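Single-structure report; data block below.
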Amino acid sequence: MASLLQKENSVVHQQVLSANSEYVKHFGDKSKLTIPPARQFAILTCMDARLDPAQYAGLAEGDAHVIRNAGGRASDDAIRSLVISHKLLGTKEWFVIHHTDCGMALFTDDIIRDLLATSLKTATVDENGWRNVQEEGGTDEARYISFLTFKNLETSVTDDVVRIKNHPLVAKDIPVYGYIYDVKSGSLIEVPEATKAGVAVN
Ligand SMILES: [Zn+2]
């Protein structure tokens, strides 16, 4: 018998394919879009489901690169994408956008490593913290991963802008702007220290 979760996933699977069929009907002249982003910029932001960069930053298909990961962190892989974005695809300015109420502030490397060491199943959280719902099937592999958690939003945005700006593969004339997206209002709030660190040097 299929579990409830599998049943729900199957509904989602159908919904995605049906939404895509509708999208294709109105695809129009988007087939003419080219690879380089028309508006020549990139956004590095969190994967949080409440954030829709196309909506909060006014993007249409073909406009900009959006690089997303847990936290919107300037990981090695995010920087890999940004370097390609500029070097081969011509983006000229970048945004780092983290957000209020980010899940990355709700755990530490030690917490997720301990949870994964015991079980891979989705954990639960309450006033006593995170705990596993199952006590088998874990692995110590997470010891080798830095999850790039953070405690302070302004600091995380500034740290990431600084890391990007100081990276040897990043051209000095690319301005990097630092912002926090407010999940309660939808507004982008500048982190002045980050944007100052991200100023372009010609
Ligand atoms: Zn987040």
Side-chain angles (χ1 to χ4, degrees), residues 5 8-9 12 16 37 41-59 63-85 91 93-116 119-133 141-167 170 175-198:
L5 195 58
E8 283 171 2
N9 282 344
V12 166
V16 166
F41 74 103
I43 294 174
L44 170 61
T45 197
C46 185
M47 69 182 189
D48 190 295
R50 295 167 293 182
L51 275 59
D52 183 350
Q55 295 286 335
Y56 76 56
L59 308 179
D63 273 356
H65 283 143
V66 177
I67 298 145
R68 301 186 73 163
N69 62 33
R73 303 307 315 266
S75 61
D76 288 348
D77 195 64
I79 289 174
R80 174 187 72 87
S81 295
L82 287 169
V83 168
I84 294 167
S85 175
T91 62
E93 46 197 328
W94 300 341
F95 292 77
V96 172
I97 303 176
H98 296 178
H99 66 98
T100 59
D101 198 36
C102 186
M104 295 294 282
L106 303 180
F107 66 98
T108 61
D109 274 0
D110 281 345
I111 288 171
I112 192 169
R113 283 173 183 156
D114 286 349
L115 288 166
L116 286 164
S119 166
L120 302 186
K121 298 277 189 200
T122 301
T124 60
V125 66
D126 57 27
E127 65 276 11
N128 298 316
W130 292 95
R131 72 187 154 78
N132 278 314
V133 296
E141 189 65 24
R143 277 185 288 192
Y144 300 99
I145 293 181
S146 172
F147 289 88
L148 304 177
T149 59
F150 54 79
K151 287 294 166 213
N152 180 283
L153 262 181
E154 282 80 8
T155 306
S156 68
V157 172
T158 304
D159 284 353
D160 284 2
V161 169
V162 167
R163 176 160 202 243
I164 291 166
K165 282 301 289 186
N166 288 341
H167 198 282
V170 170
V176 184
Y177 318 118
Y179 280 83
I180 292 169
Y181 172 88
D182 181 356
V183 297
K184 295 296 180 205
S185 68
S187 58
L188 290 174
I189 301 150
E190 187 169 30
V191 180
E193 199 187 341
T195 298
K196 195 173 148 204

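Just follow the structure's listing: the first ligand is 1, and inside any ligand the first atom is 1. Quick caveat: nothing in here was measured; it's all calculated off a predicted structure.
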What protein N/O/S atoms sit under 2.8 Å from the Zn ion (ligand 1), by chain and number? Cys46 SG, His99 NE2, Cys102 SG
Kindly indicate whether the side chain of Ile180, heavy atoms from C-beta on, has any atom under 4.5 Å from the side chain of Ile97. no
Expected list for residues 124-132: side-chain donor-acceptor pairs under 3.5 angstrom, two or more places apart:
| unit_1 | atom_1 | unit_2 | atom_2 | d |
| --- | --- | --- | --- | --- |
| Asp126 | OD1 | Asn128 | N | 2.8 |
| Trp130 | NE1 | Leu106 | O | 2.9 |
| Asn132 | ND2 | Leu115 | O | 3.0 |

Least distance between heavy atoms, Arg73 atom then Leu44 atom: O-CD2, 3.7 Å
More than 12 non-hydrogen atoms from neighbouring residues, nucleotides or ligands closer than 6.0 Å to CD on Glu193, yes or no? no
Counting only heavy atoms not in Lys151 (residues, nucleotides, ligands), do more than 12 fall under 6.0 Å from its NZ? yes
Side chains of Phe150 and Cys102, heavy atoms from C-beta outward: is any pair under 4.5 Å? yes
